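The structure under discussion appears below in the form of structure tokens.
Note that the structure is a prediction, hence the values are computed from the model and not measured.
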Amino acid sequence: VLARLKDRQLAALERWLRAGGSLLLLTEGPVPDQAFALIARAAQEGGAPAPVRDAHQGLAAAGEHPSLLYAGLGRLAVAPLAQALDAGDAWRQLPVHLWNIRCDQAAEMVANGAWNRALLEQTHSTNAQNTYDQYDRTVSFAHHDLSINGPMTNVLMPSQIAIIPFSIVLITFVVFILIIGPGDWLVLGWLRARRFTWIVFPLVAISFTVFMVRMSRHYLGGADHRQHLEIVDFGSEGAVLRDERIELVFTGNSTDLASDIHDGLWADLNRTGQGGSNPYSYQRYRQQQTSEVNSTPTYDGAVPGSYRVTQAVGQWDPRLRRSLSFSAPADMPLKISRDFTDPSHVAAAASELVGGDADGFVGYFQGGQLTSVLGQIETLSGHQQVHQQWEGNQQWIQPLSCHVQTGWFALCSRTSPAGGSTWEDIPVHDPTDKNQWLLITAVHAGDSLWVARRLYRLHHDHPGVH
């Protein structure tokens, strides 16, 4: 099949693989040059033995067992087609490797051909108490949204925008009551003009309404704001594997906003969980607003080549949108090109990794735990004092790096890049694999918060996977 692909199509397939996809190559007879070059590059990058090509038997290095390779964030498996129906342990490694099975389940699946259900139930029950559903303890592979929409909105909200202080609201309310109550009675009584109450009262109400609208515009602003979070994944030699762009749009007036996309996928993120601990209240609010703003986007151009997306956005209604691209973003202030052999070596190069930015952040995930080496991730926003008033706002980097072990992700550590309206394909770290660690660097530049990541492996194998 690869022999019939054009160079452009093969290059696109390899970019998807390196960005986190999984690819199985079944070989029979001579291996085409395109396939051999792809396998050789993956073996070289992953530190595996170089493949050997045989004129009659195809890949001699494949032998009787599949070769399991890594290409950037993706996984590649190469096996001879003649033995593809063999159900031995060696072939059980294929789905374990290609499906990104969590390390704590890998050995069980290779040895017995099935996952450890007891461990799955224990993991689901433990995480259900703290994440999605306190009452459901049954194992389910149903979809679960990552509940980070609220914290992500707070992180990207412009610093000049604030909620009207409660003291001003209280004072305004008290003054309004005094004017329409004793003020109206005493003043109009002194003027012997109480018959004008029904004229004064609407005028006062309208005046205070205008005043509160002006106060709202003063604090929330009347301009359009578009803040960005750029998550860029790097591979060997500083090559960009993929770019996740999360944009928050906050407008002072209902308007149509356009976004120009080149070689990428665009999606409006789901609003589930936007209300924080009580998402149902926000869902009811959005249902009431549906008749006012039709937020269905329109596309003009060739997807995913070059096109424009136009979407209606309501006044003071923050919206999150994302785009996925396999190309390097413009004006990228961060780059990870160093090959660290151990996370303990990061501290010596921390300042270099953020370009000398004193406010930058450097840290790494290992075993699902974030270790800070330089700075604090929650202080990168320009208004972190406001953020700290929101519950869980400092947890946005955790679910964007490794999945909580609930639902399907109690078995698999991640999915292939899809670019849809959920966050599922963004996390790349397996918290149960002690031989894997994820380097995180971040800086705030202009209206963008830049996060650079690179996944390292201390060893290249899962337990039980060769």
Side-chain angles (χ1 to χ4, degrees), residues 1-27 31-32 34-48 51 66-79 93-103 106 143 231-237 239-245 263-267 303-305 322-329 400-403 408-409 411-430 433 436 438 453-457 460-462 465:
V1 174
L2 291 183
R4 293 194 292 267
L5 293 181
K6 298 179 180 179
D7 291 342
R8 176 175 53 85
Q9 296 170 322
L10 188 64
L13 177 63
E14 185 172 359
R15 290 170 68 191
W16 172 81
L17 170 66
R18 291 174 54 81
S22 294
L23 180 63
L24 170 63
L25 296 180
L26 296 176
T27 64
V31 178
Q34 299 96 320
F36 184 80
L38 176 61
I39 297 169
R41 284 192 293 269
Q44 179 182 8
E45 181 177 343
S67 296
L68 308 181
L69 306 173
Y70 295 90
L73 294 173
R75 299 190 176 194
L76 173 67
V78 185
Q93 299 169 9
L94 286 177
V96 171
H97 181 71
L98 295 174
W99 285 57
N100 294 280
I101 298 299
R102 286 182 181 262
C103 190
H143 168 76
I231 303 177
V232 186
D233 287 293
F234 289 87
S236 60
E237 300 179 354
V240 173
L241 303 180
R242 67 180 185 183
D243 172 36
E244 298 279 359
R245 182 183 181 93
D263 294 331
L265 297 175
W266 183 97
V303 179
R322 68 171 287 203
S323 59
L324 167 66
S325 174
F326 298 154
S327 303
L400 285 181
S401 300
C402 51
H403 280 290
W408 176 248
F409 295 106
L411 187 62
C412 293
S413 62
R414 56 191 173 96
T415 62
S416 297
S421 60
T422 70
W423 313 85
E424 283 188 340
D425 57 332
I426 299 181
V428 296
H429 173 56
D430 181 359
D433 189 351
Q436 178 191 108
L438 179 67
R453 309 187 301 186
R454 182 169 174 184
L455 188 66
Y456 294 89
R457 298 176 182 88
H460 296 285
D461 299 335
H462 273 315
V465 179

*Take Ser401 and Val428, measure what side chain to side chain contact (heavy atoms under 4.5 Å, CB included) needs, and give me the verdict at the end.*
CA-CA 6 Å; Ser401 300; Val428 296; over 6 Å; no
*Minimum heavy-atom distance between Pro417 and Gly20, given as atom pair plus value*: CD-C, 3.4 Å
*If we only count heavy atoms from C-beta on, is the Leu455 to Gln436 side-chain gap below 4.5 Å?*
yes
*Main-chain N/O of Leu241 paired to Asp233 side chain as donor or acceptor, under 3.5 Å*: no
*Side chains of Tyr70 and His97: closer than 4.5 Å at any heavy-atom pair?*
yes
*Atom CZ in Arg15, atom CG in Leu10: separation rounded to 0.5 Å?*
12.5 Å
*If every non-hydrogen atom of Ala267 is compared with every non-hydrogen atom of Gly419, which pair is closest and at what distance?*
CB-O, 3.9 Å
*For Gln9, look at atom CD and say whether over 12 heavy atoms of other residues, nucleotides or ligands are found less than 6.0 Å away.*
yes
*asked:* Just verifying a value: how many Å separate Ile39 CD1 and Leu25 CG, rounded to the nearest 0.5 Å?
replied: 5.0 Å
_Minimum heavy-atom separation for Ser416 and Gly21, please, with both atom names._
OG-CA, 3.5 Å
_Side chains of Leu23 and Leu38 in contact at under 4.5 Å (non-hydrogen atoms)_ = yes
*Mind checking what makes ring pair (Phe, Tyr, Trp, His ring centres under 6.0 Å) contact with His403, not counting sequence neighbours?*
Phe409
*Test Leu68 against Leu94 for side chain to side chain contact (heavy atoms under 4.5 Å, CB included), laying out the working first.*
CA-CA 8 Å; Leu68 308 181; Leu94 286 177; 3.9 Å; yes
*Could you tell me whether the side chain of Phe234 reaches within less than 4.5 Å of the side chain of Val240, counting heavy atoms only?*
yes
*Under 4.5 Å between any side-chain heavy atoms of Leu13 and Trp16, yes or no?*
yes
*To the nearest 0.5 Å, tell me how far Leu73 CG sits from Asp425 CG.*
11.5 Å
*Flag the pair Arg245 / Ser323 as yes when at least one side-chain heavy-atom distance between them is below 4.5 Å, and no otherwise.*
yes
*Can you find a heavy atom in the side chain of Phe326 that is under 4.5 Å from one in the side chain of Asp263?*
no
*Starting at CG of Leu76, measure out to CG of Leu17 and round the result to the nearest 0.5 Å.*
6.0 Å
_For the student: nearest non-hydrogen atoms of Cys412 and Ile101, plus distance_ = SG-CD1, 3.7 Å
*Going through the distances and angles, do Arg454 and Ser236 end up as a side chain to side chain contact (heavy atoms under 4.5 Å, CB included)?*
CA-CA 9 Å; Arg454 182 169 174 184; Ser236 60; 4.0 Å; yes
*Rounded to the nearest 0.5 Å, how far apart are CD of Gln93 and CG of Leu98?*
11.0 Å
_Positive for side-chain contact (heavy atoms from CB on, under 4.5 Å) with Arg453, one of His429, Glu244, Arg242_ = Arg242
*Quick one: does Ser413's side chain have a donor or acceptor within less than 3.5 Å of a partner on Asp430's backbone?*
no
_So Ile426 and Arg322, do their side chains get closer than 4.5 Å, heavy atoms only?_
yes
